[in-house]
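Step one of this worksheet: look at the structure below.
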Amino acid sequence: MQINQPSNQIKLTNVSVVRLKKGGKRFEIACYKNKVQEWRSGVETDIDDVLQIANVFVNVSKGELAKSQDLQKSFGTTDTNTIVKEILKKGELQVGEKEREHDLSSVRREIATLVAEKCVDPATQRPYPVGVIDKAMTEAGFSVRPGKNAKSQVSECIKLLQTHSKLPIQRARMRIRVTLPSADAEKLKSKVLEGADSVEKDESGAEEWEAIILIDPSQFRIINDLLQKECKGRGRLETLTFAATAGS
């Protein structure tokens, strides 16, 4: 015996749902996985490649379509294309539990990789393997913040590792070259060098002074501001190594 589905029901699988609550009603659209972010970032411009089906739903998982009168009341139109674009722009992407866990795990791994690139063991000045960083993150109780990218969470993670884990860790030093005219060097040399962790070169010539120093990354702006203020473009500041490790 054939069982007919109600005419306002459509069944979809392997779908990403974008939901928008408006006018006291819930509206959803069914999109292909990964396409929503591509649309929002401008990578994807063909809406037909984003939508699994050009319909507005009340509930995608149940296949229930929104009624025309509800669309008119909430959006002021029944034009599907206009409504779909508003939901895509303003709606909230619904992420399944497994997807969410995978995304958080992926971001966590990326954070651990970035920390490993930026930090070293203070005793050896060598970087730690990513696995060691990840284990210390667990020990320190670090939690990935959903909705924030990995790069924006690195500083917070490093601070937490320094205060709440047993792993000795510090930011890798930057190697920079500072060059100043001799006249400026007389008054600024000591201020520049006081920001250095170690001095690899300190040479004064007839016309200019040159130093190669290792600094904490936080000192870069301080030294740069000093040269901008005091030298008015006469000094030079170059980054030789962003993350100096033993042997580099």
Side-chain angles (χ1 to χ4, degrees), residues 1-115 134 137-138 140-160 164:
M1 182 176 114
Q2 186 177 2
I3 300 175
N4 292 320
Q5 280 191 326
S7 60
N8 71 331
Q9 286 200 345
I10 299 170
K11 290 290 184 183
L12 294 166
T13 56
N14 193 30
V15 64
S16 283
V17 175
V18 181
R19 179 184 299 161
L20 179 67
K21 290 181 180 177
K22 187 164 183 173
K25 302 279 186 181
R26 182 177 80 175
F27 300 98
E28 298 181 345
I29 53 176
C31 304
Y32 290 104
K33 288 188 180 295
N34 305 322
K35 285 293 183 179
V36 176
Q37 296 301 345
E38 288 183 11
W39 172 267
R40 288 176 171 175
S41 64
V43 173
E44 179 60 71
T45 55
D46 188 344
I47 201 161
D48 291 334
D49 288 338
V50 179
L51 297 176
Q52 282 212 16
I53 187 168
N55 286 103
V56 181
F57 295 81
V58 172
N59 189 314
V60 168
S61 63
K62 292 181 180 178
E64 293 180 28
L65 291 169
K67 295 174 183 175
S68 292
Q69 58 263 40
D70 289 337
L71 295 175
Q72 181 66 44
K73 184 179 176 183
S74 297
F75 293 93
T77 181
T78 56
D79 180 63
T80 302
N81 198 45
T82 302
I83 295 168
V84 161
K85 285 182 177 178
E86 182 173 340
I87 295 173
L88 262 177
K89 182 180 178 182
K90 300 178 181 176
E92 184 179 331
L93 180 62
Q94 307 301 300
V95 183
E97 198 57 42
K98 283 187 178 177
E99 236 181 309
R100 187 179 288 109
E101 285 178 15
H102 178 267
D103 288 348
L104 290 178
S105 176
S106 176
V107 173
R108 181 188 175 90
R109 184 75 179 176
E110 192 179 345
I111 292 170
T113 302
L114 288 169
V115 172
D134 188 62
M137 286 164 66
T138 301
F142 178 79
S143 297
V144 176
R145 296 188 182 213
K148 292 185 71 179
N149 64 28
K151 195 172 181 181
S152 67
Q153 301 184 64
V154 170
S155 291
E156 178 189 345
C157 182
I158 293 171
K159 287 175 186 173
L160 197 67
H164 288 77

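Positions are given from 1 along the sequence.
- Here Arg40 pairs with nothing under the salt bridge (charged side-chain N to carboxylate O under 4.0 Å, His left out) rule; sequence neighbours left out.
- Annotation: the span from His164 atom NE2 to Phe142 atom CZ amounts to 13.0 Å, rounded to 0.5 Å.
- Here Lys90 pairs with Leu20, Glu86 under the side-chain contact (heavy atoms from CB on, under 4.5 Å) rule; sequence neighbours left out.
- In this structure, Phe57 and Ile53 have side chains that are in contact, with non-hydrogen atoms separated by less than 4.5 Å.
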Side chain to side chain contact (heavy atoms under 4.5 Å, CB included) between Asn149 and Val107, intermediate numbers included: CA-CA 7 Å; Asn149 64 28; Val107 173; over 6 Å; no

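- Taking OG of Ser68 as the reference point, atom CD of Gln72 lies at 9.0 Å (rounded to 0.5 Å).
- In this structure Lys25 satisfies the side-chain contact (heavy atoms from CB on, under 4.5 Å) test together with Phe27, Asp70, Ser74, sequence neighbours excluded.
- The two residues Val18 and Cys31 make their nearest non-hydrogen contact at CG2-SG, 4.1 Å.
- Considering only heavy atoms from C-beta on, Arg26 comes within 4.5 Å of Asn59 through its side chain.
- Residues Cys157 and Met137 meet the side-chain proximity criterion, which asks for heavy atoms closer than 4.5 Å.
- When the side-chain contact (heavy atoms from CB on, under 4.5 Å) test is applied to Thr80, the partners found at least two apart in sequence or on another chain are Val56, Val84.
- Side chains of Arg108 and Thr138: a donor-acceptor N/O pair is present below 3.5 angstrom, by distance only.
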Chi angles and distances behind the side chain to side chain contact (heavy atoms under 4.5 Å, CB included) call for Asn55, Ile29: CA-CA 7 Å; Asn55 286 103; Ile29 53 176; over 6 Å; no

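- Applying the 6.0 Å contact sphere to NZ of Lys148 captures more than 12 heavy atoms from other residues, nucleotides or ligands.
- Between the side chain of Gln94 and the main chain of Ser16, no donor-acceptor pair closer than 3.5 Å is present.
- Once rounded to the nearest 0.5 Å, the distance linking OG of Ser155 with CG of Leu160 reads 12.5 Å.
- Inter-residue side-chain proximity for Leu93 and Gln37 is flagged as met; some heavy-atom pair is nearer than 4.5 Å.
- Using a 4.5 Å cut-off on side-chain heavy atoms (C-beta onward), Ile111 and Val144 make contact.
- In terms of modelled atom types and a separation under 3.5 Å, the side chain of Glu110 and the main chain of Ala150 share no donor-acceptor contact.
- Considering CG of Leu51 and NZ of Lys85, their distance stands at 10.0 Å, rounded to 0.5 Å.
- With sequence neighbours left out, the side-chain contact (heavy atoms from CB on, under 4.5 Å) criterion links Glu44 to Lys35, Glu38, Asp46, Asp49, Val50.
- In terms of the side-chain hydrogen bond (donor to acceptor under 3.5 Å, both in side chains) criterion, Thr45 has no residue partners (sequence neighbours excluded).
- Residues Phe75 and Ile87 have side chains in contact (heavy-atom distance under 4.5 Å, counting atoms from C-beta outward).
- Using a 3.5 Å distance cut-off with no hydrogens or angles, the side chains of Thr77 and Asp79 do not pair a donor with an acceptor.
- Residues Val15 and Val60 have side chains in contact (heavy-atom distance under 4.5 Å, counting atoms from C-beta outward).
- The distance from the CZ atom of Arg19 to the CD atom of Glu92 is 7.5 Å, given to the nearest 0.5 Å.
- In this structure, the separation between CG on Leu65 and CG on Leu71 is 9.5 Å, given to the nearest 0.5 Å.
- Between the side chain of Thr113 and the backbone N or O of Arg109 there is at least one donor-acceptor pair closer than 3.5 Å.
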